[in-house]
Structure formats: C-alpha cells, structure tokens
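Following: one structure in structure tokens, then a few remarks.
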Number of protein chains: 2
Amino acid sequence: MLRGEITTAIRAAVMQELAEVGYGRLSIEAVARRAGVSKTAIYRRWRSKLDLVLDMVSAVAGRNLPLLDTGSLLGDLEILLHVMARALRHRLASQIIPDLLAEAARNPQIAEKLQAALDDYQQAVGRILIGRAVERGELSPDTDPRAAVDLIVGPIYWRLAIARAPLDTAEVPRMASAIVAALRVACVRPVRDEVEV
Amino acid sequence: MLRGEITTAIRAAVMQELAEVGYGRLSIEAVARRAGVSKTAIYRRWRSKLDLVLDMVSAVAGRNLPLLDTGSLLGDLEILLHVMARALRHRLASQIIPDLLAEAARNPQIAEKLQAALDDYQQAVGRILIGRAVERGELSPDTDPRAAVDLIVGPIYWRLAIARAPLDTAEVPRMASAIVAALRVACVRPVRDEVEV
DNA sequence: ACACGTCGGGACGCAACCGTATCGTCGTTG
DNA sequence: CAACGACGATACGGTTGCGTCCCGACGTGT
C-alpha cells in the first residue's frame, strides 16, 4: 500500500513547482527534491509528468463551487465575483491557472481536461445563475449563456490574472452592477447565418 | 555588420518555437536549428534567451493600434473588438500571448516589459475610447478608465484566448452593445476608504 | 520469531542543452 | 593583389533531467 503522507507531499510539491517554474519546466527531479522524496516514489504513483498534472487538475477542478441564491441576480453576481477574486488572489492559483491554460493551447490532453472543467464551470454559471435570473424575470429567456459567461467572468479574470492589478473590494458591487446591465442587453441568441471571420 | 536576413530568420524561429513549446522550454539550440543558423549567430545578437524574448516583445508591442473614430462609442467598440478578435485568432498570437503572460507572473523582467505594453494599450483604450465618449456625452466624466478596460477587453479575451471558443462575427455587435450598457453603469470611481480583501 | 512482500533511497547510462572557444570562409580595404 | 577583420559553423566540457534498476528497511501475517 502506498503511504498517503508521501502522496500528499508530492502533490503539494507539484503545486509549488508548477507555480514557480510552470508546466514547461516542471521536472520530476525537482518535485522529488522539494517533497523530500525519491523519484521512484513518484514514478510508482504516476506514469509521467503529464499523468501527474492531469491527476491534480482533475482533483482540484472537481470541486464545484456552490452558487448561493441571494434572491437577485446582482447579489448572486457579487458573491460569484468575490469567490473568484478570492481564488485568483491566491499566489499559487494565479500562477498555475494561466500557466496551464497557456499549456493547454499546445497539449491536447491538458486542453481536454481543462476544457471539461471549464465547461462544467461555465455550464454551472450559465444554467444556475442565468437560469435563476430568467425565472425571476430579471433577464430575457433568450439570454445566451455562452455569451453571458464571457461578460461575467472575463472582466475579473482580466483584471486579476492578466493585468494583475489589485481589485478593491469596494469595486466588486460596481462591477457586478455593470455586468447586470450588460446581461440585460445581451439577450439575443447568436445569429447563425453569418460567416465566421 | 550583422546580416539582417539571419536576424530576421532567428526572429521568425523564436516566434515559432515560442508558440510550439512556450517560453519555459524555449531553447537556443532549437531556435538555431529551426532558423537554419548557428548558435553563435544568436549569441552574437542577444546575450541570453531572456534578452531575445524581451527584444521581440518590445518590437511587437511597440505597434500601437490606431483607434479609429467612428463617431459613437458603440462603433468605436465594435471596431476595437474586431481588431482584437482578428489578432487573437492568429495561431501564433493566441499561443504566445497567454504563454508570456503566464511567464510574467514569475519573471519580473518579462512582467515589466509586458506591463509597460499593457499599460500603454490600456491607457490608449481608456483615454482615447473612453475620453471621446465622455466628450460626446455618452459616458459620465466619472467613468474609471481602469475599470472600463476590464469590461471592454475581458470578455473577448476570455472567449478567444481562455475558453478558446469561436466567436461569430455576428456576435461582436451584441457584445459591443452589452459593453456600452456596462460602461454606462460603471461610472463611479473606486472608493478608497475600503480595505482590500 | 521468521520469512515474505512492498516500499523508498540512491546510482547509473543516456540525452538534451548551455555557453564558450576555435576554425574556416568571405568580403573589404589599403 | 594581399592581408585583415568580421562572420557563421563546429566541437567541447559541464550541467540537468529522464527513466530504470538494485539494494536495504520495514511491516505484516503465520
């Protein structure tokens, strides 16, 4: 039987290494060093670096955030933004997530895993958050969940993960209300007659 | 005198390699191989891999996009979104940009260069696009350019570079009008009394 | 108490890459 | 026309990481 403590140590070390050097430069040797463990211990548990990372992504991405129902779209959005802000402010997360997303652009296996997690997330946001708002009559039933997710998640991700500028707590309600306004306008489902450019 | 053709070949090879393996795994040897050039040729021109990439970033980021004045905020936004969509759909750009942004999270030098380029860009968008709209009376003079940029750029970047979902041309006007609605609401400058979380 | 099975540690051969030093070549200049 | 100067190609020692193999330690079950 594999010792759980060591598996845990390896997992933690992978997170640290991933944040520090990224997936591209992640080496089994460095992980083993940091975890205070032998390489064999790692190879016994995972076949390769890809396996290792994919496993961790599954574990982390598996957690589906509970979208609280505050009774209004604005309230729901504020909570969602606060949760996202909290997650993206973590040093490890804010380094690992963009790194893996970039890696996904060239690694089909990672892309698949991340896409699955992302789809789950987007579907949850779209169906639950938007769904509720539609039921309440706050949004048109025609609202395209796909486009809605872009409007909701894009700004805060850009701010915290790309521009890496601080986001004051006081700004969240303002951002939320702006998004509500945007969602009310973006109610037309995409037209399919046009040619993609 | 250094031969310009070779410098050009190296630059092209770096772009290709950057897209294919990322900054982390970028190796001078591979660049030289791809460019059909000797390593010495590269070391004569740049001191290190970092120098090489920083130089390219400066060159590319230097181009400031001309923000056409269509006479309305909506029109200006549509054009901006089309330009961004066009850029982000390029295979090289859509792989290199997220990769370098992720690398910037751990490399101060890259972060500085990218931040400078990003700031220029954001300032241009904020001052020109928002400034014009304010002059026209389309937006409140209190509009925070910082927050505005997040609302403008976030959704399309998320859609094309993160979620990597296709964006139909027909959806751009819808996204633009949604952003206009968001900007009209996001007119209050950030409050500074609150504590950052 | 003993023997077996499983684990982690360390070493090994192999490959890739780094950064440099040396060599041959070509164009230019006196 | 010859010699100089700058260039690109190649070779080299050193480092790092890969994936595997063997050995000693430990715990368990009889």
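No experiment lies behind these values; they were computed from the predicted model shown. Chain identifiers are assigned alphabetically (A, B, ...) following the order of the sequence lines, protein sequences preceding nucleic acid strands; residue numbering begins at 1 within each chain.
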Discussion item. Near DNA chain D, counting only heavy atoms under 4.0 Å, which residues of residues 29-41 of chain A show up?
Written reply: A:Glu29, A:Arg33, A:Lys39, A:Thr40
Worksheet entry | Selection from C:dG19, D:dT20, C:dC17 that lies nearest to any side-chain heavy atom of B:Ser27 | C:dC17
Discussion item. Do A:Tyr157 and A:Leu101 make a side-chain contact, defined as non-hydrogen atoms from C-beta onward lying under 4.5 Å apart?
Written reply: yes
Fill in: Heavy-atom side-chain proximity of A:Arg132 to A:Arg127 below 4.5 angstrom
no
Fill in: Partner of A:Glu17 by side chain to side chain contact (heavy atoms under 4.5 Å, CB included), out of A:Ile96, A:Ile28, A:Leu26
A:Leu26
Worksheet entry | ILVMFWY cluster, A:Val14 and A:Leu50 together (side-chain gap under 4.5 Å) | yes
Could you tell me the separation between the [atom1] atom of [X] and the [atom2] atom of [N], rounded to a whole number of Å?
X	N	atom1	atom2	answer
A:Arg25	D:dC18	CZ	P	13 Å
A:Arg44	C:dG9	CZ	C1'	10 Å
B:Ile6	D:dA9	CD1	C1'	11 Å
B:Arg47	C:dC18	CZ	P	17 Å
A:Ile28	D:dC18	CD1	P	6 Å
A:Glu5	C:dG8	CD	P	9 Å
A:Ile42	C:dC7	CD1	P	15 Å
A:Asp51	D:dG19	CG	P	11 Å

Discussion item. Show the nearest heavy-atom pair for residues A:Ala93 and A:Ala87, with the distance to one decimal.
Written reply: CB-O, 3.4 Å
Fill in: Gap separating the CD atom of A:Gln122 from the CD1 atom of A:Ile152, nearest 0.5 angstrom
10.0 Å
Item to complete: Would you classify B:Arg45 as touching base, sugar-phosphate or nothing, given that sugar-phosphate means primed atoms plus P, OP1 and OP2, and contacts are heavy atoms under 4.0 Å?
Response: sugar-phosphate
